[in-house]
Amino acid sequence: MGSIKKALRAVLLRVETLFEAVFGARLNPITQLGSLGWFLFWIVTVSGIYVYIFFDTGVTQAWESLEQLARQQPYAGGIMRSLHRYASDALVVVVLVHSLREFAMDRMRGNRWFPWVTGIFLLWFMYACGITGYWLVWDQLAQYVAVATTEWLDSIGIFAEPIARNFLDSERLSGRFFTLVIYMHIALPLVMLLAMWIHIQRHAHARVNPPRALAVGTLVALIALSLAWPATSQAPADLDRAPFTVGLDWFYLAVYPLLERVPGGTLWLLLVGGSVLLALLPWLPPLRKAPPARVDLANCNGCSRCFADCPFGAITMVRRTDGLKFEQEASVDADLCMSCGICVGACPTATPFRRVGHLSAGIELPDRSVSGLRDEVGAASARIAGDARVIVFGCDHDADCAALADAETAVVRLPCVGMLPPPFIDLVVMRHQAEGVLLSGCAGHDCFERLGDQWTEQRISDQRDPNLRARVPRDRVAVAWNNPTRHGALRETLAQFRTHLRGLAAGGPAAQAGKNPAPWRARLRGLPAPARHAGQAVAYAALAGAIGLLATRPAFTYLAEDQALLKLSFSHAGQPLKPCRRYTHEELTNTPFSERSATSCERGRWPVYVELDLDGRPLYRGQHEPAGLWNDGPSTVYARFEVPAGKHRLDGRLREDGKASGFNFESSRTVTLQPGENFVIDFRAAEGGFVFGLSGRTDATEDPR
Ligand code: HEM
Ligand code: SF4
Ligand code: SF4
């Protein structure tokens, strides 16, 4: 598992780096997948409401109403319908990459088990929404989806009667079931929205809106795809014929073709078992749980900055318990704490300048005290020499800052750069412990601890308390956000920063004390603007193209063109295990009048045994147990066969009395099956037994034997 994760991480980090070169860090779609998911969900919702206004919910009118929408308003209606389909497909892409990424980055441990497990539920909701959506169009794809889904659901064996019987043929098509699916397609997205909201409940400041430029780019790409390749219906559904091929939406329906090869029950087992295994991943080794942050009340003044900055909602402000004059105090929920240390960086009492008594902050990581950090910084400063000394504060997930250490560079590692209280930068620069401070974090806009990069930048640029004091020249502070694949970029930043520091020493541009400018940034060579824009266009076009293609192609062959479908399906109650007995006169007189009945029947029925032969050869043999808790319900049969089109003799036999041999019903027919025909063999005891084909069918001739 570890090596899969590592390989996946290497690939995804490279893709992220590539996208960052093209989109820049802020607009990088790879680091915005969660918020893009929300955005796509809203597009699907708005376009879905629009299409629903014109949709006729009757099973026979559904297809026509969508055709009319396309005919009468090819632009508004056509685009909305296409957007509804393509944004749903884009949602699958975004959500799958989002989950792969969280897995690869191991962002599922500790408190993060919650978004991970709720995410797995979201996957199921997303697929259920998409599959029920395809049903509604009531075209050939919908027919295939309806039949395959109900057959698949029947393989669980929980329905008293196979629900696939609702779609047996045009005579038995149930409009009620179709209406139920429509309501499901409306209710499921609402439940999904609730689940999406629950998904981010343990994340403070969760990003649910992508940056505007990214949102606009995505929407424009989907509209362009809708115009170039409008989503259309396939031929109308006809339950008396099976489609030979269907244009499958591979984003939602990729597992469906497997149903023709793998038993439905096995596929359920794989999917449900796989989901349970995935849900257990957060608790599989290696488990590393660093000690949670601890509040030291003697130093906590109740300012609530730690509460505002904690990315995982682990801190609450509660009424003061120690009698000090402050109204509130911070309280850490150890189960939610991820030991990132960002609260330490937020605490105004975490200042290394304090000389009175032992240095201890209001909130600390037990294994990384603030006084220990001050000692480390002192030792780091003592290790380096030269005219452009740099102390690098790096994190555990950056581009290997430890490898930067040399005679002029000392490295101090923290769980997250956001843990560094700004007064430490003040100390290093103003006490000349080094000429400059480089803050090296893991990824701009996608910090492993979620908000470390954001809070650090805001503290340095005086937008967030505790801010870096104005007296500290910002020219001596550099930030670099690089994922682990970008060690070269980190090295380059350090080299440029050092050159810059030397320039300052030689009387270069004056240090800008007191002006609170934006933090000094590496001036790495990026792609020129036209190349970036072209790259973005290619990325959007690739997404739109992939969606346009895979939404209907390659087509899936359901039935070979020279074949027909035979379905044997019915519901029939076997005979009672014991024949019913008439009550004696004495029994009847002893029974209250309101409870009297003529006969006494014990519960329990014989199973129904069925045989079907095709041209004298066995096609089906099956024993079907009675339904119900007391085995007194009907036995139901549902079996589907592909047979060559043409003339065939069919022999049906049924035994309902539990005897070892002989049959209670036998019938034979000769029929000519057309290619693609869906021929149903029913059984109705009241009509004498087996019923072959639609009631109006004339070519099913009784076998003269
Ligand atoms: C409709 C589907 C989904 C949407 C809209 C969605 C959206 C989001 C959002 C907005 C965040 C917060 C990002 C942040 O601000 O840091 C998030 C976090 C997360 N999601 Fe999802 N998500 C979805 C499905 C999934 C799935 C299927 C999984 C995995 C099985 C998953 C796993 C996670 C994890 C582990 C986090 C926590 C990341 C962290 O702590 O940094 N999500 N998701
Ligand atoms: S270390 Fe502090 S900021 Fe990080 S999760 Fe724990 S309480 Fe929150
Ligand atoms: S930031 Fe520090 S002083 Fe303020 S409430 Fe949190 S622990 Fe207390």
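Both counts, for ligands and for their atoms, begin at 1 and track the order of listing. Predicted model only: the values in this text are computed from it and were never measured. Hydrogens, waters and symmetry mates are skipped; everything else that's a heavy atom, side chains included, is used. In this chain, numbering begins with 1 at the start of the sequence shown.
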So is there a nitrogen or oxygen of [X] less than 3.5 Å from a nitrogen or oxygen in ligand 1?
X	value
Ser35	no
Ser99	no
Trp38	no
Arg207	yes

Under-4.0 Å heavy-atom contact with ligand 1, by part of [X] that carries it:
X	result
Glu102	side chain
Met126	neither
Arg450	side chain

Checklist entry - With atoms numbered from 1 as shown, which atoms in ligand 3 lie under 4.0 angstrom from a non-hydrogen atom of Pro348? => result 1 (S)

Which residue supplies the protein heavy atom nearest to [atom], what is that atom called, and how far is it?
atom	answer
atom 25 (C) of ligand 1	His98 CD2, 3.4 Å
atom 2 (C) of ligand 1	Val95 CG2, 3.3 Å
atom 27 (C) of ligand 1	Gly119 O, 3.0 Å
atom 3 (C) of ligand 1	Leu122 CD1, 3.8 Å
atom 35 (C) of ligand 1	Arg107 O, 3.0 Å

Item to check | Test item, Met317 contacting ligand 3 (heavy atom, 4.0 angstrom) | outcome: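 Distance cut 4.0 Å: Met317 passes for ligand 3.
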
Give me the ring orientation class for [X] and [Y]: parallel if the planes are under 30° apart, tilted from 30 to 60°, perpendicular past 60°.
X	Y	value
Trp268	Trp152	parallel
Phe312	His203	perpendicular
Trp42	Trp38	tilted

Item to check | 4.0 Å heavy-atom contact, Met108 with ligand 1 | outcome: no

Next on the checklist: Is Met105 close enough to touch ligand 1? Criterion: a residue heavy atom under 4.0 Å from a ligand atom.
Outcome noted: no

Checklist entry - Among Arg101, Arg202, His199, Met196, which residue places a heavy atom closest to atom 43 (N) of ligand 1? => result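 Going through Arg101, Arg202, His199, Met196 one by one, His199 has the nearest heavy atom to atom 43 (N) of ligand 1.
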
Item to check | Among Glu449, Arg112, His203, closest by any non-hydrogen atom to atom 37 (C) of ligand 1 | outcome: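 The nearest heavy atom belongs to His203.
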
Which atoms of ligand 2 have any heavy atom of [X] under 4.0 Å away?
X	value
Ser339	1 (S), 6 (Fe)
Ile315	7 (S)
Gly341	1 (S), 4 (Fe)
Cys337	1 (S), 5 (S), 6 (Fe), 7 (S)

Checklist entry - Going by heavy atoms, is Gly418 under 4.0 Å from ligand 2? => result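 No.
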
Item to check | Metal environment of atom 8 (Fe) of ligand 3, protein N/O/S under 2.8 Å | outcome: Cys300 SG

Next on the checklist: I'd like to check atom 13 (C) of ligand 1 in this structure: does the protein have a heavy atom lying under 4.0 Å from it?
Outcome noted: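 Given the 4.0 Å cut-off, atom 13 (C) of ligand 1 does not count as touching protein heavy atoms.
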
Item to check | Option from His199, Arg107, Met108, Arg109 for which side chain to side chain contact (heavy atoms under 4.5 Å, CB included) with Trp116 holds | outcome: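 Filter result, single survivor: Met108.
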
